[in-house]
Peer 1: 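If you scroll down you'll find the structure; I have some questions about it.
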Amino acid sequence: MHLFLFLLFGGICAGGAVNLLIQRKTINSALSLIVVMGSLALIYLLLGAEFVAVVQVIIYAGAIMVLYIFVIMLLNAGEEEQAKGSNVAKIFGIPGLFAGGIIGIWVLLQHRPAEQGVKIGALYGPADQVGWMLFNKYLLAFEVTSILVLIAIMGAVVLARRGNN
Amino acid sequence: MSALTFLIVAVIKIAVTLGVLLTVVAYTVWLERKVVGRMQNRWGPSRVGPFGLLQPLADGIKFLLKEDLTPPYVEKNIYLLAPGLALIMALTSIAMVPIGPVIHLFGITTPVQITGVVDKFGQASDINVGILIVLGITSLGVYGIALAGWSSNSKYSLLGSLRASAQMVSYEVSLGLSLVGVLLMSSTLSLSGIVHAQLGTWFGFIPQWFIFKGQFVAFFIYMMAAFAETNRIPFDLPEAETELVAGYHTEYSAMKFAMFFMAEYANMVTVACIASVMFLGGWSGPPLPFLPLAVQAFLPLLWFSSKIFGFLFLYIWIRGTLPRFRYDQLMAFGWKFLFPLALANVVVTAFFVAFHAQWPGR
Amino acid sequence: MTPLFQPWLIPILPLLGALINGLFGKRFSKAAVAVVALTATALSFVVACVQAAILLQSGHPALEQYYGTWIQAGDFSVNFGIYLDHLSMIMMLVVTGVGFLIHIYSVAYMEHEGGYYRFFSYLNFFMFFMLVLVLANNYLLMFVGWEGVGLASYLLIGFFFLKDSAANAGKKAFITNRVGDFGFLIALFLLIQHFGTLHYGALLVVRDSALLQMPVETSAGVLTAIGLLMLVGACGKSAQIPLYVWLPDAMEGPTPVSALIHAATMVTAGVYMVCRSNAIFSRAPIALLAVAIIGTLTSFFAATIGITQTDIKRVLAYSTVSQLGYMFMAAGVAAYSASVFHLMTHAFFKALLFLGAGSVIHGVGGEQDMRKMGGLRKYMPWTFWTMLIATLAIAGIPPFAGFFSKDEILWQAFSSPHGSKIFWAVGLVTAFMTSFYMFRLIFLTFTGEYRGAKPDAHGHDDHHGTPHESPWLMLAPLVLLGVLSVVGGWVGIGNRFEHFLDPVIQKVSVEQSAAQNGEAAATPVSEGEGTESKSTENLLMAISVLVALGGLGLAWFLYVKRPELPEQIAAGAGGLYRLVLNKYWIDELYAAVLIGPLIAFSRVVLWQTVDQKVVDGTVNEAAVAARDVSAVIRQQQSGLIRSYAGWVAAGAAAVVAYMVWMGTR
Amino acid sequence: MIPISYYLLLSAFLFACGVTGFLIKRNIITLFMSIELMLNGVNLSFIAFATRLQTLDGHIFVFFVMVVAAAEAAVGLAIIISVYRTRETLNVDRVNLLKL
């Protein structure tokens, strides 16, 4: 059952990711990404990270991707235009990627005998414990992140404002 | 409870809830027309059935029978996807709402809540991040509107959906923050847990609802943000008919239009449910011991529906009273007034919670 | 310690004056500038007097005050602090006192010059650094003052910076002094290396200090090296052979500057330093001997040049060099008291001479050539009489100040265990020449007929017309200095001054002397005892007075009685005369031997080879190489984000591959 | 019991899709979305390891990644808007003045 659920959502996830690559229209890519995020949230639920799953939906799907859709609408970004670009990406990037992927899979498979399985919901990750860690062990990082967000807000406001002249 | 029983109970609960919800949605439309009509010194629907009570039925039939137009030059897939998305998101979120307490019916013990179960100790429990899931689903609801407007390939629609997405993202912040106070005081994210935190009374008759426990300001922030979230007057900029014809659903007709319509009213109901759960004690209420026992069994449902009704009436009342905001006023109100106020509410509540450990649930 | 002991005020007051005038003086009126500068200096003098009184009353050999740490590096530390003993007290009083008088004089003298506020700002600035030099409690702080007075001297020599010769003279003084500073600095390094401190107290005064425990060096050693290097520094600052060449040129500065810096105070810094370091020199007889030889040579050498000069200020300049040579000679025979005594009296009469010369120059409208003067006695009687007093003082005629100090020096040169009859003999000849050229100056300037430009018939420019007496503001300092030139030496009557500096002098103990050699230890270290030496002293005194009078007489004979004779003698002497007139061609010699080759070496080797070929070549080739390599590499910088991303991905893949390879090996 | 390598493989696949998208896509918005995809892939492995190692720290890191992603999206999209205003294109290959 759990394996089935994992394969289902994982499949949706992978399909969405591939679809993101295939689609020529930006909006379709964005929707595929939303699908990926939604199915990832479900996989998180499978892993017992319910709080993270919900936050994934609220922040990623509900806020960040809305922002993307908003910008796509604002700029009316339609089909991707075909232009002659650099070949370096094709020459080095993709072979490198394949090489990296193969090596990664190989390493993972190498270590398989030693690994243990992950039980569904093995780790119960309730919101209060996460919050407790966030405000104790990772308090400094939390505060730094708040500064980062503040700066990002200011940067976004400054950038998006029309020039004075 | 065997798995089969569980499945049957769940299906029944879903069917009943959906049926009730759709009926409520249909009759909210009737109610709105009727009430606004009276407020504006006219009759409202009165021809179909007594008091026009069959009017929603007639509307439904009309929507079903109308020609389903699909304009040219639309993004077809997304154009078709959008209304469904909007309606599904609107209907799904009701699943988290605890409508009543645990009931014992035909030898089965279950809470009146789709996602709720009874654990082996006989306690009702539900998803422990329920309120967050509601928020998440609500936040996904914006996609229906945004995609509808964009895929229609129409300026009115695009403007409407741009407004809608900006407005909903903005007010979602205040909405979420206004709930934080309640969450701090109840120290749980489970909706049924929140209702349980509000059981009990002061002096035997004043219910210990969070609205009476200091979350008064939060309640009003929530209300205003909720009006904006549901694109209702005075914040109905996305579908402002005088400027944008009908905003994001200008190009939709027949059942697809009806789906947006239903989604909007379903959202209103959901928002009302959340408001009553979070601030008004959900299905709890002052005990009325003088009533017969059979009636008392239905008291929680009665309290809950009356709260929903009151909230819906408020919606309609305000629609009949207030004019529409200007768009910049809307954004300024959301960011410069509601947001700081909600933050202040969180800070003050956190202060009190931290210094008064005797709050219930601590 | 009494609360009145606030010696830090002494240098700070002139600094304040300098700052106020330097920063805001441009907006002040001339009177306001003068008031600020004079107030600062006068207050400084008053405070200095009070501090001196406190020192003398306290009965301590020295008073010290700390103001904080300057440098702290491991065990080595340098403090800001003031060290007041008899030596620095005299210096301090001379500097503030004479400085104040010269400030007064300058108010009138600089009246018609531009940059009035600038001048007084520099002057106060100089006072500050001179007082830092004198009052410092360690060698490093002294070096700060040392450099500071060099800077002030440079600024003031080049005060008329529009004049090429003034600017060049300033540079010459500065650069020559750098050579000396080089020696001084290395001496300080050696002190730090061997003794770990530069503090006077720890180094020179405390009984068990490492330096005072060292035996007298019979052959060259550390102390000899330090002493010789210090001597180099002193030679630079005090214009001794071979670094004296800057002082005559420094006369390009305004005359009060010559009086203050290049006669009374700054140039005596070298003497002060040698006396301050007496503990070092006393333990390094070779260095001491070098001091004496250089002093003697300089005094003789400069006196010969002084005889032939015609520029009134240059005569005085060579006279200064010569007198400084005297002081060095005294210090070189370990007669530090005599040296400082002469330093003090010299400050009085030489400042007076310079101020008088300034008054003369002022009176005749800027002329400095003595051949175009003459007969000024009747035009400017005050100047004449005061200058006559100064001349009598410098010539060593009793009872004027110079007699006592100069006689003391000659006696010490004769009798001191470090002295020699040769020093005495040369000193005597020099005294004769001094007397001769000084009276030559007086006779040429003040007697006979006026040989300058006759007054214009219309007399429209009175400044360049008939010679006239200077204003009272200039004469008052002359008179005061004249009084000091008379009575200043009287403190030395009966050898009272001889032991005045004893608290400062760190005598070589008997054991240390014994380590030197047995013979020296047998002779008593304290000199000049017994009736025999007393009578010798009186005899020598009589000889020196006779010699001075002889110089006077010769000058009178040559320039008053037979004024045509000098021309004939000059013609008769021929080459010798031209040699002396042209200052032995020392400047030309330096130019040919040192400066020319240096410039040629710099041009050919350093500039055209090292700089142009090696340094520039390396840099250029590096730039060319970088450009060529970049031309290849920049191809990959296409500006396309995705190609960059491709590189990043490839790099990441490479790193992962490497890590996998490392992990599985 | 699902082996952790399954999660990691999915994570790696998502990440690789993100990288590939970044390399082959030309629309600047799609590039940003590819970055989000990569971040999501990383998040998945964080959560998987958190469950595997029975510690919540992975969850915390996911939060930080989300916050950073949100900030990045806000600033990045603002940059995209201002770039579009001046260059009238969303094609990254045309936004290549930053060279030579």
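The figures here come from the full heavy-atom set of this structure, side chains too, leaving out hydrogens, waters and symmetry mates. Quick note on labels: first sequence line is chain A, next is B, and so on, each numbered from 1.
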Peer 1: Return the CG to CG distance between Leu39(D) and Leu14(D), rounded to the nearest 0.5 Å.
Peer 2: 11.5 Å
Peer 1: Checking Met65(A) against chain D: side chain, backbone, both or neither under 4.5 Å from a heavy atom?
Peer 2: side chain
Peer 1: Identify which of Ser29(A), Ala63(A), Ser146(A), Gly155(A) forms the greatest number of heavy-atom pairs closer than 4.5 Å to chain D.
Peer 2: Ser29(A)
Peer 1: Under the side chain to side chain donor-acceptor pair (under 3.5 Å) test, which residues partner Tyr68(A), sequence neighbours left out?
Peer 2: Glu36(D)
Peer 1: Please flag which part of Val75(D) lies under 4.5 Å from any non-hydrogen atom of chain A: side chain, backbone, both or neither.
Peer 2: both
Peer 1: Between Phe61(D) and chain A, with a heavy-atom cut-off of 4.5 Å, which part of the residue counts as in contact: side chain, backbone, both or neither?
Peer 2: side chain
Peer 1: Donor-acceptor pair, Asn136(A) side chain versus Trp132(A) backbone, under 3.5 Å?
Peer 2: yes
Peer 1: At a 4.5 Å cut-off on heavy atoms, which part of Leu134(A) comes close to chain D: side chain, backbone, both, or neither?
Peer 2: both
Peer 1: Please give me the minimum heavy-atom distance between Ala17(A) and Leu37(D), naming the atom from each residue.
Peer 2: CB-CD2, 4.1 Å
Peer 1: Would a distance-only check, ignoring hydrogens and angles, find a side-chain to backbone donor-acceptor pair under 3.5 Å from Ser11(D) to Tyr7(D)?
Peer 2: no
Peer 1: Would Asn40(D) and Gln56(A) count as having a side-chain donor-acceptor pair, cut-off 3.5 Å?
Peer 2: yes
Peer 1: To check you understand the geometry: which heavy-atom pair defines the closest contact between Ala41(A) and Val57(A), and what is its length?
Peer 2: CB-CG2, 3.6 Å
Peer 1: Would you mind checking which part of Leu67(A) comes under 4.5 Å of any heavy atom in chain D, side chain (CB onward), backbone (N, CA, C, O), both or neither?
Peer 2: both
Peer 1: Does any heavy atom of chain A fall under 4.5 Å from the side chain of Leu44(D), the backbone, both, or neither of them?
Peer 2: both
Peer 1: Checking Phe32(D) against chain A: side chain, backbone, both or neither under 4.5 Å from a heavy atom?
Peer 2: both
Peer 1: Relative to chain A, which of Val62(D), Leu10(D), Asp57(D) shows the most heavy atom pairs under 4.5 Å?
Peer 2: Asp57(D)
Peer 1: Which atom pair, heavy atoms only, marks the closest approach of Ala50(D) to His59(D)?
Peer 2: CB-CD2, 3.6 Å
Peer 1: Tell me, side chain or backbone of Tyr60(A) under 4.5 Å from chain D's heavy atoms, or both, or neither?
Peer 2: side chain
Peer 1: With respect to chain D, which residue among Ile59(A), Val55(A), Val149(A) yields the maximal number of heavy-atom pairs within a distance under 4.5 Å?
Peer 2: Val55(A)
Peer 1: Please state whether the side chain, the backbone, both or neither of Val36(A) comes within less than 4.5 Å of a heavy atom of chain D.
Peer 2: side chain
